[in-house]
Amino acid sequence: MASTPTILVFDSGLGGLTVLREIVAARPDAHYVYVADDAFFPYGHHSEEAIVARVVPLIGELIASHAPDLVVIACNTASTLVMSHLRDAYTVPFVGTVPAIKPACAQSKTRRVSVLGTRGTVKREYTKALIRDFALGCEVTLVGSPELASLAESALSGNVVSDRDVAAELAPCFVGDGDDATARTDTIVLACTHYPLLLDRFVRLAPWPVDWIDPAPAIARRVSDLLGPPLGKEHGGEADHAGAAMLFTSGRPHTLSRALMPFFGGRVPA
Ligand code: DGL
């Protein structure tokens, strides 16, 4: 890669920030453009046709305006549908975010795994194929949450979100005999990038302890591998903190910039 690489990270809203922060930690040398398609949020409430028709041309416009070296679709609801369309339409490399069913089933000791995603993600043929291919005999419970992405978005925007509302969305993930640690869910896949924003609450509200699987670190490793080793300053690259920008498709102003700095590795996004 000739100079500081530009990575475009895309989600329906603020959830993709949980993927961004891992990528920024792995690649502080890159320049970041984060795009939240908040004008169409939440994706989990749209039909498959509507998401493809929205995302494919929008990514084309973003590639034309920002010339990224790599695009990360930091949204399970979109990635489980649009990756092949994007790769057919554009030559830039893409990395998607799909439910981490394979590692979850590989590590579950009780053989009970739940997949917590949007209603859209858990209905997808893509997700069902992951279960067929990688469940390894585990009982996999699909939990389509209608409201958690909106609750996470609201909490990050500084609004009060009640424990009761969060707990109600989590409850169906906990399957089996709560009193028998060998016969109950022990692993939950965070299959929506918004959910790690609420992870502290999930841990506190869980009826029993489980492992929560967030694929963001694996996605960051994949991005770093595709980019190749960072250029040192002596080769004309910037060692770190190459800047960042954040865009909302609604055009809403950046009132959150300072609160979002940790996700950008300390940068204030323009
Ligand atoms: N962050 C998105 C995901 O990973 C979904 C939120 C939405 O419904 O827009 O699935």
Worksheet item: Any side-chain heavy atom of Pro5 sitting closer than 4.5 Å to one from Asp29?
Response: yes
Item to complete: Check the hydrophobic clustering (I, L, V, M, F, W, Y; side-chain heavy atoms under 4.5 Å; chains of links allowed) and say if Ile213 and Leu199 are grouped together.
Response: no
Practice prompt. Side-chain contact test, heavy atoms from C-beta onward, threshold under 4.5 Å: evaluate it for Glu147 versus Asp165 and give yes or no.
Written response: no
Item to complete: Show the numbers, then the answer: is there a side chain to side chain contact (heavy atoms under 4.5 Å, CB included) between Phe40 and Leu58?
Response: CA-CA 11 Å; Phe40 207 60; Leu58 176 55; over 6 Å; no
Discussion item. Checking the side chain of Tyr195 only, and the main-chain atoms of Leu148 only, is there a donor and an acceptor separated by less than 3.5 Å?
Written reply: no
Worksheet entry | Side chain proximity check, Thr97 to Cys75, heavy atoms < 4.5 angstrom | no
Discussion item. Is it the case that the side chain of Asp38 and the backbone of Ser250 share a donor-acceptor pair, with hydrogens and angles ignored and the cut-off at 3.5 Å?
Written reply: yes
Discussion item. Under a 4.0 Å threshold between the charged nitrogen and the carboxylate oxygen, would Arg221 count as salt-bridged to Glu22?
Written reply: no
Discussion item. Looking at Arg204, I want to see if its CZ is surrounded by more than 12 non-hydrogen atoms of other residues, nucleotides or ligands under 6.0 Å.
Written reply: yes
Worksheet item: Would a 4.5 Å heavy-atom cut-off, applied to side chains only, mark Leu226 and Arg222 as touching?
Response: yes
Practice prompt. Following the transitive rule for hydrophobic clusters with a side-chain heavy-atom cut-off under 4.5 Å over Ile, Leu, Val, Met, Phe, Trp and Tyr, establish whether Val92 and Val33 coincide in one cluster.
Written response: yes
Item to complete: Would you give the length of the straight line joining atom CZ of Arg54 to atom CG of Asp37, rounded to the nearest 0.5 angstrom?
Response: 4.0 Å
Worksheet item: What's the shortest heavy-atom distance between Phe174 and Val210, and which atoms?
Response: CE2-CG1, 3.7 Å
Item to complete: Measure the spacing between NZ of Lys102 and CG of Leu136 and express it to the nearest 0.5 Å.
Response: 8.5 Å
Worksheet item: Should Val143 and Val115 be regarded as members of a common hydrophobic cluster, given that ILVMFWY residues are connected when their side-chain heavy atoms come within less than 4.5 Å of each other, either directly or indirectly?
Response: no
Worksheet item: Quick one: are Thr141 and Thr185 in side-chain contact, heavy atoms under 4.5 Å?
Response: no
Worksheet item: Which pair of non-hydrogen atoms, one from Ala216 and one from Thr18, has the smallest distance, and what is that distance?
Response: CB-O, 3.6 Å
Item to complete: Indicate, with yes or no, if Ile219 and Ile101 share a hydrophobic cluster defined by side-chain heavy-atom contacts under 4.5 Å among Ile, Leu, Val, Met, Phe, Trp and Tyr.
Response: no
Worksheet entry | Side-chain (Tyr34) to main-chain (Phe264) donor-acceptor, under 3.5 angstrom | no
Item to complete: Can you see which heavy atom on Val9 is nearest to which on Gly16, and at what distance?
Response: CG1-O, 4.1 Å
Worksheet item: Could you give the distance from CG (Leu116) to CG (Asn76), rounded to the nearest 0.5 Å?
Response: 10.5 Å
Worksheet item: How close do Thr193 and Ala74 get, heavy atom to heavy atom, and via which atoms?
Response: OG1-O, 2.8 Å
Discussion item. Which heavy atom of Cys138 sits nearest to which heavy atom of Cys105, and what is that distance?
Written reply: SG-O, 3.7 Å
Discussion item. Whether Arg252 engages the ring of Phe248 as a cation-pi pair (distance to the six-membered ring centre under 6.0 angstrom, angle to the ring normal within 45°) should be assessed.
Written reply: yes
Worksheet item: Could you give the distance from CD1 (Ile7) to CG (Leu20), rounded to the nearest 0.5 Å?
Response: 8.5 Å
Worksheet item: When rounded to the nearest 0.5 angstrom, what is the spacing between CG in Asp11 and CG in Leu17?
Response: 8.0 Å
Worksheet item: Can you tell me if Arg112 uses its side chain to pair, donor with acceptor, with the backbone of Arg184 under 3.5 Å?
Response: no
Worksheet item: Looking at NZ of Lys123 and NZ of Lys128, how far apart are the two atoms once the value is rounded to the nearest 0.5 Å?
Response: 9.0 Å
Worksheet item: Hey, are the side chains of Arg21 and Pro262 touching, using non-hydrogen atoms and a 4.5 Å cut-off?
Response: no
Worksheet item: Is it true that the side chains of Thr118 and Thr77 contain a donor and an acceptor less than 3.5 Å apart?
Response: yes
Worksheet entry | OH/Tyr126: more than 12 non-hydrogen atoms of other groups inside 6.0 Å | no
Worksheet item: Within the side chain of Ser12, is there an N or O that forms a donor-acceptor pair under 3.5 Å with the backbone of Pro42?
Response: no
Worksheet item: More than 12 non-hydrogen atoms from neighbouring residues, nucleotides or ligands closer than 6.0 Å to CZ on Arg111, yes or no?
Response: yes
Discussion item. Tell me if a side-chain donor or acceptor on Ser79 pairs with a main-chain N or O of Gly96 at a distance below 3.5 Å.
Written reply: no
Worksheet entry | Note, Val71 side chain near Tyr90 side chain (heavy atom, < 4.5 Å) | no
Fill in: Distance-minimising heavy-atom pair for Leu197 and Gly15
CD1-CA, 4.2 Å
Worksheet item: Do the ring planes of Tyr43 and Phe10 sit parallel (below 30°), tilted (30 to 60°) or perpendicular (above 60°)?
Response: tilted
Practice prompt. Go through the steps to decide whether Phe41 and His194 satisfy the test side chain to side chain contact (heavy atoms under 4.5 Å, CB included), and finish with yes or no.
Written response: CA-CA 12 Å; Phe41 179 86; His194 279 75; 3.6 Å; yes
Discussion item. As a quick check of understanding, evaluate side chain to side chain contact (heavy atoms under 4.5 Å, CB included) for Met83 and Val98, giving each step before the final call.
Written reply: CA-CA 10 Å; Met83 299 311 292; Val98 298; 5.7 Å; no
Practice prompt. Look at the side chain of Thr80 and the backbone N and O of Thr121, then say whether any donor-acceptor pair between them is shorter than 3.5 Å.
Written response: no
Worksheet item: Between Val82 and Phe94, does a side chain to side chain contact (heavy atoms under 4.5 Å, CB included) hold up when you go through it step by step?
Response: CA-CA 11 Å; Val82 301; Phe94 288 95; over 6 Å; no
Practice prompt. Decide yes or no for Ser157 and Leu14: does some side-chain heavy atom of the first lie under 4.5 Å from some side-chain heavy atom of the second?
Written response: yes
Worksheet item: Same cluster for Leu190 and Leu151 if Ile/Leu/Val/Met/Phe/Trp/Tyr side chains link at under 4.5 Å?
Response: yes
